[in-house]
Structure formats: C-alpha cells, structure tokens
Amino acid sequence: MYLPEDELQRIDEEERLLKGQYKHHIHVCLGANCLNAHSAQVLSALETEAKARGLEKVCSVTGGGCRGLCVAGPTVTLEPDNVLYGKVQPNDAGDIIASLGGEPVERLNRPTDNPFFMRQQRIVREMEGRLNPERIEDYIAAGGYKSLLKALNEMTPAEVINEITRSGLRGRGGAGYPTGLKWKTVAKARGEHKYVICNGDEGDPGAFMDRSVMDDFPHRLLEGIIIGAYAVGADRGYLYVRAEYPLSVKRLQLAIRQAQKQNLLGNNIAGTAFNFDLQVRVGAGAYVCGEETALIASIEGKRGQPRPRPPYPAESGLWGYPTLINNVETFANIGAIIRNGSAWYASIGTEKSKGTKVFALTGTVSHSGLIEVPMGTTLREIIFDIGGGIPDGRKFKAAQTGGPGGGCIPEQYLDLSVDFESLASVGSMMGSGGLVIMDDRTCMVNVAKYFLEFCKSESCGKCIPCRVGTAHMFDILDKITKGEATLDDLTLLEELCDTVKHTSLCGLGQSAPNPVLSTLRFFRDEYIAHIVDHVCPAGVCEFEKEAVR
Amino acid sequence: MTTQKARIATIWLDGCSGCHMSFLDIDERLLALAKVADLVYSPLVDHKKFPEDVAVTLVEGSVSSTEDLEKIKHVRAHSKFIVSMGDCAVTGNVPSMRNPLGVDVILRRAYLEEGLENPQIPSLVVPKLLPLVKPVHAVVKVDVYVPGCPPHAETLFYVVSELLAGRLPDLTKMTRFGV
Amino acid sequence: MSVVVTLKINDIDVSGQEDETILDVAREHDIYIPTMCHLDGLSSVGACRLCLVEVKGMNRLVTACTVKVAEGMEVYTETERLKKYRRMLVEMLFSEGNHICSVCVVNGRCELQSMAGRVGVQHITLPYYNPLRTLDTTHERFVIDRNRCILCTRCVRVCDEIEGAHTWDLGGRGIESHVVTDLNTFWGDSPTCTGCSKCVHVCPTGALFEKGRSVTEMTKHREFLPYLTMMREKK
Amino acid sequence: MQTSTLVSAEDKRWRLIRATMRRHGFAANALIETLHTVQEAFGYLDEEALRYVAKELRIPLSRVYGVATFYNHFAMKPQGEHHCVVCLGTACYIRGGSRVLEAIEKAAQVKAGETTPDKKLSLLVARCVGLCWLAPVALFDDEVASEATPEEVAQKVGEWVDHVSS
C-alpha cells in the first residue's frame with residue numbers, strides 16, 4: 001500500500017544523506033532582486049571555481065532564497081558557518097572557495113549578529129536563504145508538507161478551521177479579516193464546486209513581500225492553499241499572480257508539477273479521498289485586480305471591475321460558486337500553525353493581531369529589504385534598530401504604510417505598535433506590508449499627489465466617485481504643488497475626500513483619499529505653506545517665479 | 001419723500017443676449033420694478049462706466065476673453081450680489097463647446113479656413129480669447145445661480161424681487177440647466 | 001413562495017419579499033430613491049452610487065439597487081449626508097463630460113438634467129474636465145455622441161442581456177473609459193449590430209439618439225423593456 | 001523565398017495562439033491567457049489576431065477590445081525595438097523618479113506609454129519593479145540603471161535614438 005508519509009520520509013532521508021556528503025554548503029540567492037544583480041553568474045562562477053579546485057565533493061553550491069537584505073545583493077550564505085556575503089561579484093568566487101574552513105572574506109562579510117537579523121522572527125520566511133525554491137526535496141527535508149499530511153490524516157476539515165480560528169490569524173492582504181471566520185463561511189456555503197483563490201496580485205508600489213514568498217517558498221504557499229482547500233471543501237483553485245512577476249509564475253508552475261508528481265495535488269491526494277486541482281493565472285497589469293471581486297472577474301477572463309458586495313465571494317464567487325480568497329502571506333502561515341499548534345501561534349504578536357508580519361522596508365532607510373517581525377513591534381524598532389536608521393545624517397519625517405490607500409505616520413507615533421488596530425487609529429492601515437520611510441527632504445503634499453496619481457490611473461472607471469473624484473483630487477493637489485491653489489481648493493479637496501471615501505464601490509476608491517487625509521492631519525502646515533506662502537518647506541515643489549495670483 | 005432706490009445692473013459677457021430678452025419679457029412688471037430700483041448700468045441703457053456700489057448685478061454669458069475677465073472682476077468688486085443669469089454664466093454652455101478643441105483650432109477655422117479674402121487672425125480690436133471658457137463662478141464669487149437657457153421671465157422677476165426684498169431666492173423648483 | 005419580511009424605510013413600516021432589493025420595496029411604497037445606472041429589466045451593477053442608502057448597523061453605505069431587504073432592517077434614504085453625496089456625484093458627472101443641455105436632443109427629457117434638479121444641483125463647483133471625445137455618425141439611423149455619455153452601461157447591458165448581440169462594451173479604464181462598438185470600429189460598419197435601437201432608448205442622456213432629431217426632439221421609449229424581460233424569462 | 005519564410009513564421013504565431021486556446025479548452029475565460037500569447041507572438045495585440053481569438057473563443061468583439069484595453073500589460077500598437085521602463089514606485093518617486101522620466105521624455109521626444117515614430121524606442125512606466133533600494137531605477141532593455149540621474153538616462157536614450165537618425 002502507498003503510504004505518503006513513507007515517501008516523504010524517504011525523500012527526507014535521501015536529502016540528509018546527500019547533504020551530509022558535503023562539508024560546506026554555499027547558497028547563492030536566486031531571488032528576483034539578486035538575480036537582477038547577476039547572482040546566476042555568481043552561482044556558476046562558484047561552481048566552476050569549486051570544480052577547478054577539486055572541491056566539488058566537499059562543498060555544494062546551490063541556489064537559495066533571499067536573506068532579506070536586498071540592499072546587499074547578490075548575497076551568498078555559507079553553512080554551517082552561518083556566514084553572509086554581500087555584493088558578491090563572479091570574480092569573488094576564488095576568494096570565497098579558498099576561504100572555506102578558514103576566516104571569512106573580510107571585504108564581503110556582512111555581520112548577522114546585528115538587529116537586522118536578530119530582531120526578526122521568521123514563520124513565513126522560515127529557513128530563508130537555505131531552501132532551493134526549485135526543489136521540492138529541499139522543502140520536504142525541512143519538514144515541509146508534514147502539516148498537510150497531518151491535516152488530511154489526523155484532522156477533520158472542521159478541526160483544521162478551528163485550529164486556524166484559535167490561532168487568531170487575520171488576512172494579510174490588508175483588511176485583517178479573521179481567516180478562520182472566512183474559512184468557516186466558505187465551508188458552510190453550498191455549491192456543486194468550491195474554489196480557492198490565492199491572491200498574488202501584489203500591486204502596492206514598494207511592496208514585494210508576496211513576491212518573495214512565491215519566489216523563495218513556493219511549496220510553503222502550496223501547502224497552505226491545499227490545506228485551505230481541504231478545510232473548506234474546495235476541489236479547484238487558482239493562484240493569481242501579477243504579470244510583472246514572471247519568476248514567481250515559473251517557480252509556482254514548477255512547484256505545482258512537483259507537488260502533482262508527489263501526489264500532493266490532483267486526485268486522491270496522499271491516498272485520501274480529497275481531490276484538488278490548482279492552476280496559475282497570470283494577471284495583466286491592473287492594480288484593482290487585488291480587490292477580490294475584480295480578481296474573480298479577471299480569472300473569468302473579463303475586465304477586472306469589482307462588483308458590489310453582498311453577495312460575498314464566500315457565498316457567490318468565481319462563476320457563482322463559493323470561493324475562498326486569501327492572500328499569499330496568509331496561506332504561507334497555515335503550515336506552521338498546523339505543525340506547531342494554534343496556541344504557539346497565538347502566543348506571538350498582540351492581543352488582536354497574532355503572529356508575524358513581513359514588511360518591505362524601503363525609502364530613506366539604511367537597511368532596505370524584507371523583514372519579518374512579530375506583530376506589535378514598534379515603528380521605532382523597525383526603522384532604527386532593524387532598519388539601521390535614516391542614512392546621510394538626515395532626519396526621519398514619516399513612515400508610509402498600507403500602499404496607495406494607506407497613510408503617512410509622523411514622528412510622534414514612532415512608538416506605535418505595528419498591528420491592524422493601531423495603524424488604523426492613526427489614519428493609516430496595515431495593507432499588504434509596504435513600509436516606505438521618508439526623510440526631511442520629502443514634501444508631503446507631493447507624496448499625496450503621487451498616490452492620487454496612482455489611484456487615478458488605476459481606477460477601473462466603473463463607479464463615478466472613484467473615476468471622477470480621484471481625477472479632481474489629483475488636479476487640486478497638482479495645483480497646490482504648483483502654488484496655484486487657493487484655500488477654497490483645499491476645502492473642495494476635503495469635500496471630495498469625504499465623498500470618494502464613503503461612496504466608492506470598492507476598496508480602491510474607499511481608501512484613495514487616505515494619503516490626503518493623513519497628510520492633512522499631520523502635515524497641514526505644509527499644505528498651507530504651499531497655498532498661502534507659495535513655499536515648499538521641503539524644497540521639492542518648484543513654483544513659477546511670479547506667484548500666479 | 002424720495003426713498004433711496006436700490007441700484008441694480010446687468011452685464012453681458014459671452015452670451016447671445018437671450019437672457020436679457022427673457023428679462024425684458026417680464027413686460028409691464030418692469031414698471032413696478034422701476035419704482036423700487038434704478039437700472040444703473042446695462043447693455044440696455046446708455047452708461048459708459050460700471051458704477052460703484054451696485055446692489056444686484058445680473059450677469060449673462062460666460063467668461064471667454066481677457067476683456068470678460070477684467071469686466072467681471074471689476075463688477076464683482078462693485079456689486080453686493082452677483083447673479084449668474086442663464087446657462088452661459090452658470091455652466092459655460094455653448095461658448096464652452098470650444099474648450100475640448102482649444103483656441104487655436106477655432107480661430108484658424110473661423111478666420112483662416114473659411115475662404116476669406118486676405119485671411120488673418122485679428123490681434124488688435126478683438127480681445128484675446130482665454131484658453132478655456134469658464135462659468136462666472138470659476139473666476140469670481142457668485143451669490144445666486146439661475147440656470148436655464150434662457151431662464152423664464154417669471155424666474156428672473158422672482159430672483160430680482162426676492163433679492164430686493166432682502167431674501168436669497170430658492171430656485172430649486174423653478175429652473176434647471178437647459179430648458 | 002418567497003418569504004415576506006418587514007422593515008423600516010425612513011422610520012415608516014414597510015414590507016417586501018425577501019428576494020427584493022431595497023429599491024424594489026421603496027418604490028412599491030412610493031419612497032423615492034434616485035437612480036441613474038439602474039433600469040428595471042436589466043441587471044444591476046451599482047455603479048452610479050446615487051441610490052446609496054444608510055442601513056442601521058452597517059458601517060458602509062449600500063446601494064439600494066443591489067442589496068436585498070431583510071427582516072428588521074432600518075433604512076434611511078434622505079439623510080443630510082446622503083443628499084450631500086448625491087449632489088457631489090451629480091456634479092462629478094457634469095464635470096466629467098461635455099453636457100450642453102441647451103443644444104441637446106433630449107433637452108427637457110434627460111435623466112441627468114432632471115437628476116440635477118431633483119438633487120438640487122444648480123451649478124457645478126468642480127472644474128469642468130472638457131474632454132475631447134468622439135462622435136460616431138456612421139450608423140444609418142443612430143448617432144453616438146460620447147460627449148454626453150455618463151458610462152452607466154445601460155446600452156452595454158441591454159445589448160448583451162436582452163438583444164443578445166453584445167455590440168457594445170467599455171474600452172479603456174478610469175477617467176479614460178468609453179463605450180465602444182465591436183473592436184472600437186465604426187458603428188456603421190458593425191457586423192454585430194442588429195439595428196434594434198434598444199440601446200438608443202435605454203440611454204438616459206442624449207449620448208445615443210436617432211438621426212435627424214434636433215434639439216429637444218428625441219423622446220425615448222422604454223416600455224418594451226420590462227415586457228421583453230418578462231417574455232424572455234418565460235421561455 | 002522571403003515570402004515563404006514570413007508565412008511560415010506567421011504560421012508559427014497562429015499555432016502558438018491556438019495552442020493556448022486549446023490548453024484551456026477554448027473556454028471564454030481563456031481570453032486573458034490567450035491575449036498574453038498574442039502579445040508574445042506579435043509583440044502587441046494585432047487586430048486580425050483579436051478577431052481570430054474572439055471567433056475561436058466565441059467572445060463578442062467588443063468584450064475582447066474591452067479586456068485588451070483594460071489591462072496595462074497589453075499594447076494595442078507595435079512596440080519599439082528597444083524599451084525603457086522607468087520605475088515610478090514610491091521609493092523611486094521620492095528619490096526623483098519623475099525627473100528621470102522627464103529627462104527621457106525630453107531626450108527621446110516621446111511620452112510615457114508611446115513609441116518613437118521610427119519604432120526604435122518604447123517608453124514605459126512601471127508601478128514598482130521591486131528594486132526600491134536602488135531608487136530611482138530605470139530599465140534599459142532589462143538592464144538595470146540604479147540611482148539613475150536625469151543626465152545619465154538622457155545620454156543612454158540618446159544613444160539609441162541618435163543611432164537611428166545617423
């Protein structure tokens with residue numbers, strides 16, 4: 001009889017045996033960012049060099065995932081010495097191979113005993129940099145797919161849902177809806193078929209958390225999706241990935257094929273009666289498709305325009321069938337919760353926001369990159385400890401969270417705990433995890449204008465307030481940054497914010513005014529300076545020599 | 001005794017004079033109006049200069065040229081109440097139909113492409129056109145809006161009577177854009 | 001078969017079937033809720049947002065044309081907030097296109113024009129957009145003047161849902177959205193248009209009209225729509 | 001000779017498009033996937049191909065047009081030989097991405113989203129290419145220009161465009 005546990009066990013043992021042959025393991029980051037910085041060439045240079053020195057039996061050179069310190073790419077990780085090299089070039093290969101077993105190459109060495117690495121806690125990005133994303137064996141040897149087998153063999157769907165509910169996991173796509181509750185609703189809904197959709201349409205500028213999960217841990221994502229499908233009783237699923245992420249598409253398709261081969265996807269999964277078919281769908285460049293009803297329309301092959309809810313996708317989603325939609329990071333948490341238990345997960349984070357959150361830390365901050373921290377970590381810890389503070393001796397001005405529908409958080413809230421409620425209380429939101437740091441050279445009116453330009457051109461055009469309102473808001477902000485606006489324009493801008501926020505059909509329009517509202521709340525004096533004094537305090541906006549009015 | 005009569009005025013920017021015609025259609029009530037108000041400036045009467053201290057000015061037409069712009073600013077400065085009279089003043093209406101095309105296109109069409117002898121775009125005498133035709137309120141503050149093309153005589157009489165009686169007219173049920 | 005529910009609209013006790021929308025029930029009780037994209041006989045899309053109402057206990061405003069009534073619901077249709085939003089939405093429509101009522105074929109019979117009166121819009125505070133839009137006169141009997149289009153998609157829906165031709169759809173997106181025939185080719189060349197005129201008659205403004213009609217001359221007839229819907233549902 | 005190679009090349013394109021549709025069972029929901037293939041095969045959404053796809057998938061022409069013009073990824077016109085993508089993500093924007101874009105627009109005499117008349121260069125903007133620590137970023141035929149200055153990019157684009165006129 002076929003026993004999937006045995007098969008996984010066999011792969012696990014083989015892997016250990018294989019890895020045990022080597023004294024040194026060299027992982028070259030093959031994440032999208034390092035690949036852009038030519039890490040593939042670094043990989044082949046290291047292979048050639050190892051061979052040339054006759055060390056191919058002593059050290060293994062493999063592709064690995066991202067270490068998060070993107071600013072230092074391409075990165076190379078050495079094990080078991082736990083050495084991290086940054087900005088590695090192909091011609092560094094000789095020195096790296098030569099130094100194995102001895103002192104690390106000083107000019108490339110990046111310390112890992114600093115807050116950037118020590119203050120993080122990794123669940124979604126567990127084993128970062130050490131798993132070859134293109135090999136299912138790596139994931140299995142690291143304990144992968146055991147949670148799926150546990151769920152299938154030892155738990156009923158209801159028990160799985162209870163476990164997720166008790167863990168306190170909330171949707172990582174932005175709104176923070178309780179995942180267990182969503183699963184329960186879909187499980188209860190009736191339908192000939194049910195669908196699971198993984199939302200990988202990560203569209204916020206400055207956000208690449210989900211890309212890193214899809215690129216680095218495709219199997220962790222698949223495992224979460226399959227467990228979700230089992231829990232809600234879905235037989236079909238789609239992974240919707242934005243067109244801008246070809247590497248993610250490639251790796252997910254490969255991962256799906258590998259999982260099918262191991263009977264972890266398809267019919268009678270792992271010898272049980274559970275069938276689940278999963279396909280990748282590629283987006284085509286429309287931010288609004290991150291909204292769940294628009295995403296559904298897009299998978300159906302239509303214009304990605306949202307429709308009013310209710311009915312919610314949980315009752316009537318893809319082709320009218322009950323549909324579970326969760327974001328990439330949400331699904332990537334599932335395996336760990338099933339493996340370690342809901343009590344463990346619920347012990348991390350704050351009272352209402354459990355677990356960790358991955359952020360893409362960018363802007364004017366020393367250590368740009370991907371970080372994963374427990375919910376409740378303060379902005380100050382993230383920016384000044386983990387992120388290494390503001391470079392060039394500049395002063396911190398604001399942290400922008402939540403993408404185009406988020407807000408700018410000023411200095412007085414640096415000790416704010418990063419969780420769903422706290423961010424909302426200062427007029428921003430968690431969003432998907434973009435965290436852009438701005439220093440004192442940033443004009444906040446100009447920042448608001450930037451986000452409105454984004455929302456205006458990404459508006460689908462279906463509902464009036466978003467289609468027309470965002471265009472007017474952008475025009476007024478443009479006038480302000482040119483010193484051509486009046487205080488009446490500012491009043492009109494605030495009225496537009498009110499209408500667009502409360503009357504728009506979907507989240508895009510409803511949140512589009514947030515960048516304006518939050519900058520008006522904390523930096524109103526900058527607006528006034530532009531309008532009344534024709535001065536841009538940050539020196540960014542250029543006015544005509546002669547004031548227009 | 002001679003009670004002080006209210007000083008009212010009318011001006012005409014870029015419009016067709018239809019609103020003024022409609023105003024005249026209040027017929028014999030003009031006489032009643034004349035008892036309580038003086039028409040101190042209007043295209044209908046012979047005054048060269050817009051006077052100071054006007055109580056109510058009815059404005060017909062949109063703001064289309066540099067001359068319109070100067071005129072309306074001057075009028076605003078010397079009027080207590082400004083009434084946008086008719087669709088051209090309220091919305092831009094027919095004159096604003098050139099807006100999507102831009103000034104150059106229509107000037108070329110009117111002066112160069114119509115097969116005139118010695119075609120040229122006038123640059124003296126004729127005031128310079130603004131890039132965009134605007135409703136009056138886009139340029140100066142407006143107190144009362146009377147849409148309609150043209151507004152009915154009844155409506156206009158009501159507006160003037162109410163203002164002279166010291167009340168702001170409520171026109172929501174009386175008139176709208178177009179008809 | 002369906003269940004009767006009781007609810008309150010503007011503090012008045014009303015009843016309806018549970019599969020009816022708030023709009024259906026309000027109309028049965030002569031309670032006016034403004035609508036623009038909605039048309040009886042076509043699917044509801046909730047795009048124009050004019051029928052937004054407040055429902056006690058719901059943190060967001062909801063579209064009366066899509067949300068079904070429920071037992072004990074308390075609906076408010078005329079709050080100050082809603083009135084303010086409706087005025088702004090109508091203003092947005094006027095500012096977005098080129099609506100010159102005085103020279104329009106449906107002057108006096110236009111739904112946008114009368115909506116302005118109804119919600120109390122007497123002038124447009126928002127700046128006008130003055131977009132450069134196209135006019136297609138190639139069809140032998142009809143004209144589309146996109147300057148007057150408010151993107152309600154009634155034409156798209158009637159052509160798809162009732163006529164079954166799907167000649168119309170939306171092209172572009174955001175503020176650049178526009179209605180198109182086929183591959184954005186001339187209407188007169190359309191291999192799919194049956195010339196049925198349904199789109200012309202459901203159009204709320206003067207964007208679609210019959211050739212040869214002058215200012216104020218175009219009257220739209222929509223009596224056919226509920227009838228056709230009913231007859232087709234029977235089949 | 002030349003004609004026959006052209007035809008066979010064309011045949012290959014149609015075969016690719018057909019293969020995508022077949023893989024999805026000629027279902028209407030395969031439209032976006034098929035348009036991706038059309039764009040890969042033709043470099044843009046060729047009108048004849050759109051008609052073909054509409055017919056094969058039994059989708060109304062207007063819906064095909066609606067979908068094709070809704071998504072940014074699809075181009076309705078032939079693209080240039082080279083392409084330049086300027087990132088306008090948040091980090092790039094606050095570090096001067098828009099000035100980089102302006103410099104390129106000026107140097108190449110082309111607006112974002114357009115192609116030069118000689119078909120040498122298409123200028124595109126991206127919402128975020130995810131290289132925020134290199135901001136501002138521009139991509140020249142997929143080669144990354146990091147911490148780009150207006151002068152540098154103008155020179156780079158100038159090489160491509162000058163190449164043509166000389």
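Residue numbers start from 1 in every chain, and the chains themselves are labelled A, B, ... in the order their sequence lines are given, proteins ahead of strands.
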[X] atom [atom1]: more than 12 heavy-atom contacts under 6.0 Å:
{"X": "D:Lys106", "atom1": "NZ", "answer": "no"}
{"X": "D:Phe26", "atom1": "CZ", "answer": "yes"}
{"X": "C:Arg118", "atom1": "CZ", "answer": "no"}
{"X": "C:Glu176", "atom1": "CD", "answer": "no"}
{"X": "C:Lys211", "atom1": "NZ", "answer": "yes"}

Q.
Given heavy-atom pairs under 4.5 angstrom as the criterion, report whether the side chain, backbone, both or neither of C:Thr185 touches chain D.
A. side chain
Q: Would you indicate whether the side-chain heavy atoms of C:Arg173 and D:Asn72 approach each other to under 4.5 Å?
A: yes
(Q) Looking at every heavy atom in both D:Ser62 and C:His166, which two are closest together, and how far apart are they? (A) OG-O, 2.9 Å
Supply the atom-to-atom distance [X] [atom1] to [Y] [atom2], rounded to the nearest 0.5 angstrom.
{"X": "C:Asn184", "Y": "D:Thr69", "atom1": "CG", "atom2": "OG1", "value": "8.0 Å"}
{"X": "C:Asp182", "Y": "D:Arg63", "atom1": "CG", "atom2": "CZ", "value": "14.5 Å"}
{"X": "D:Tyr65", "Y": "C:Leu183", "atom1": "OH", "atom2": "CG", "value": "8.5 Å"}

